Amino acid sequence: MKHVDIKKMLSDADMVGTDVVVCGWVRTFRDSAQVAFLELSDGSSFQKLQVVIDKNALTVDGEATKLGASVAVKGTVVKAYRGEGNELNAKEVLLLGSCPADYPIQKKRTTLDFLRTIPHLRLRTNTFQAVFRVRSVAAQAIHRYFHENGYYYINAPLITASDCEGAGEMFRVTTLPWNADFKSAEEYFKNDFFGVKAGLSVSGQLEGEVAATALGKIYTFGPSFRAENSNTKRHLAEFWHVEPEVAFAELPDVIEIAEDMLKYLVNAVLTECPEEMKFFDSFMEKGLLEKLSHVANAEFAVCTYTEAISILEKENARFEFPVHWGSDLQSEHEKFLTEQVFKRPVFVTNYPKEIKSFYMKQNADGKTVAATDLLVPGIGEIIGGSEREADLTKLQAAMRARGMDESAYKQYLDLRRFGTVPHGGFGLGFERFVMYCTGIENIRDVTLFPRSVKNIM
Ligand code: ATP
Ligand code: MN
């Protein structure tokens, strides 16, 4: 159907005086004696189009004025009677699809909880359209940032035989139901599709290291899968993961890249989605715009895990899980550090080796590894990264200490055998970034069809 996007029609001064066709869904209808107003959205912009119907000249099918109905309108573009931009004087209103009164998206019933039960329709609301426009702009900005900075885009496999130990529980991939005739697990896996135990990747990092130790700077941007058995507002079973990996980079370089990237992404969202961001600032998180422009300009804080623990220990009374040196940081601790102590994003560095993954570079103190998590207000951890262990012997020792099977990691160890280099990288949870930018508090509300425990609508 030949038509113009509402976004273009609203703002293009050259269109004034011309006849165009626009298509969209009815948002509101206001009727008076002489004129009627039909407000349309086609998803292209936050602002809706006002269609003006001169009732003396045109009779409109009642069905075409109902909330949610889809229509095509032919008319003349005119400067808006009130406010900025253009509106449309209708010559013809064509009903494409009627929308009966049991349409679930009614003005009064639009809580996020309710909308979560109708994931296929919730995108018809202002909130979700704004979320998904921001999400799209952020995704494009991620590719732009890395492309402009000389990184190559790598697609890591989603089906894997390695479980990137430590990152989370893996979903199994199998075509073979368990059958009591198999004498052992080994025999069972041997008969399965891949001949070994396989699963959905929890991270593209190990493959990312393969690429980075040849191409220098790479990033992956794709789904990761984790059989998270908890129902939190910031975990999904399937999420999108941005994972740069850089050769010749040490921990301070990793931190610098993460900060620079995050600022670039925040700036992109602020400049490319001004109306959406104004909306989120008013209706989702008061002060969001101020928070984000501060983030785009201020320097992030850096503090060691050991410093963080000594700050937190003084506050142990307020926590559900009191901390001591060696404890993993829970969401409540992460939020306290970034929201109350530093009041801005903070990189926590050099965690105890016991609570981090085998592949992280072991520090000279023998107790900590060169890892970093970036914590941000409202979310907690948004990025997890590290310098990787580049020393073959030390890496093997770390694997042995964890009881890991070295033979399953031959390729990974080869990277340390043949021309090993210092290198590092991080993982950004894409949905967590979208939450951070929009002020949306539940990760399920920034994902088209969220997957989590007992939920696959
Ligand atoms: P968390 O401690 O929050 O569970 P993690 O330490 O397991 O995260 P990493 O393995 O460091 O996470 O993964 C890198 C990033 O991926 C995290 O910083 C986070 O932004 C994101 N992430 C991790 N798990 C999930 C998940 N289940 N759903 C959505 N995003 C996730
Ligand atoms: Mn982490």
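The structure presented is a predicted model; accordingly, all values stated were derived computationally and were not measured. The first residue of the sequence shown is numbered 1, and numbering continues consecutively from there.
Under the 6.0 Å distance and 45° angle rule, K367 counts as a cation-pi partner of W325. Remark: K190 is not positioned above the aromatic ring of F194, lacking an NZ or CZ atom under 6.0 angstrom from the ring centre and at most 45 degrees off the axis.
Aromatic ring orientation, F128 versus F132: parallel (interplanar angle below 30°, classes split at 30° and 60°). Taking the six-membered ring where the residue is Trp, F433 and F430 present parallel rings, their angle staying beneath 30° rather than reaching 60°.
Counted within 6.0 Å of CZ on F283, heavy atoms from surrounding residues, nucleotides or ligands total 12 or fewer; the atom is thus considered open. Within 6.0 Å of CD on E187 lie more than 12 heavy atoms contributed by other residues, nucleotides or ligands. Heavy-atom contacts from other residues, nucleotides or ligands closer than 6.0 Å to CD of Q330 number more than 12. Within a 6.0 Å radius of CD in E256, no more than 12 heavy atoms belonging to other residues, nucleotides or ligands are found. Around the CD atom of E339, the shell of radius 6.0 Å holds more than 12 heavy atoms that belong to other residues, nucleotides or ligands. Atom CE of M457 has more than 12 neighbouring heavy atoms from other residues, nucleotides or ligands inside a 6.0 Å radius.
R444 and D113 are not joined by a salt bridge, as no carboxylate oxygen comes within less than 4.0 angstrom of a charged side-chain nitrogen. Ion pairing between R388 and E245 holds under the 4.0 Å rule for side-chain N and carboxylate O. In summary, K361 and E250 do not engage in a salt bridge, as defined by a charged side-chain N under 4.0 Å from a carboxylate O. Between K7 and D42 there is no salt bridge, since no side-chain N of the basic residue sits under 4.0 Å from a carboxylate O of the acidic one. With respect to the salt-bridge test (charged N to carboxylate O, under 4.0 angstrom), the residues R116 and D445 qualify. Salt bridge annotation for R402-E354: absent, with no cationic side-chain nitrogen under 4.0 angstrom from a carboxylate oxygen.
To the nearest 0.5 Å, atom CG of residue N191 and atom OG1 of residue T174 are 10.5 Å apart.
When all heavy atoms are compared, the tightest approach of L115 to R122 is O-CD, 3.5 Å. The nearest pair of heavy atoms linking P104 to I118 is CB-CD1, 3.8 Å. Taking all atoms of both residues into account, the shortest heavy-atom contact from G326 to Y305 is N-OH, 2.8 Å. Nearest heavy atom pair, residue N86 against residue L49, reads O-CD1, 4.3 Å. Closest approach of L88 and M9 over heavy atoms only: CD1-SD, 4.0 Å. Shortest non-hydrogen contact noted between I311 and V341 is CG2-CG2, 3.9 Å.
None of L40, L96, V26 except one satisfies the side-chain contact (heavy atoms from CB on, under 4.5 Å) rule with S70; the exception is L96. When the options E209, K217, E389 are evaluated for a side-chain contact (heavy atoms from CB on, under 4.5 Å) with H423, the one that passes is E209. A salt bridge (Lys or Arg N to Asp or Glu O under 4.0 Å) with R234 is found for one member of E441, E431, E334 and no other, namely E334.
Aromatic rings of F46 and F279 (six-membered ring for Trp) have centroids within the 6.0 Å cut-off, being under it. If you look at F300 and F342, their ring centroids are not closer than 6.0 Å. Ring pair Y152/F146: centre-to-centre distance not below 6.0 Å.
Here the side chain of S44 pairs no donor or acceptor atom with the backbone of D5 at under 3.5 angstrom. Without hydrogens or angle criteria, H143 side chain to A141 main chain gives no donor-acceptor distance under 3.5 Å. Remark: side-chain polar atoms of T372 are not paired, donor with acceptor, to backbone N or O of F347 under 3.5 angstrom.
In the model, N350 has no side-chain atom that pairs as donor or acceptor with a side-chain atom of K356 under 3.5 Å.
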Evaluate the side chain to side chain contact (heavy atoms under 4.5 Å, CB included) criterion for residues E169 and E228: first the C-alpha distance (whole Å), next the side-chain angles of each, then the deciding distance (0.1 Å), finally the verdict.
-> CA-CA 7 Å; E169 277 304 301; E228 308 271 6; over 6 Å; no

Passes side-chain hydrogen bond (donor to acceptor under 3.5 Å, both in side chains), Y145 versus D260? Steps please.
-> CA-CA 9 Å; Y145 174 80; D260 191 49; 2.7 Å; yes

How far apart are the C-alpha atoms of S230 and V453, what are their side-chain angles, what is the distance that settles it, and do they pass the side chain to side chain contact (heavy atoms under 4.5 Å, CB included) test?
-> CA-CA 7 Å; S230 57; V453 190; over 6 Å; no

Step-by-step ring-ring contact (aromatic ring centres under 6.0 Å, His included) determination, Y153 to Y219 | CA-CA 5 Å; Y153 174 40; Y219 72 104; 5.1 Å; yes

Apply side chain to side chain contact (heavy atoms under 4.5 Å, CB included) to the pair F193 and V173, showing each step before the final yes or no.
-> CA-CA 9 Å; F193 190 90; V173 172; over 6 Å; no

Apply side chain to side chain contact (heavy atoms under 4.5 Å, CB included) to the pair Q205 and Y359, showing each step before the final yes or no.
-> CA-CA 10 Å; Q205 182 201 320; Y359 52 73; 3.0 Å; yes

Give the C-alpha distance, both sets of side-chain angles, the deciding distance and a yes or no for side-chain hydrogen bond (donor to acceptor under 3.5 Å, both in side chains) between S224 and R226.
-> CA-CA 7 Å; S224 281; R226 295 187 183 183; 5.5 Å; no

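Sorted by first and then second residue, the side-chain hydrogen bond (donor to acceptor under 3.5 Å, both in side chains) pairs involving residues 271-295 (not counting sequence neighbours) are R133-E276, R144-E272, E285-K291.
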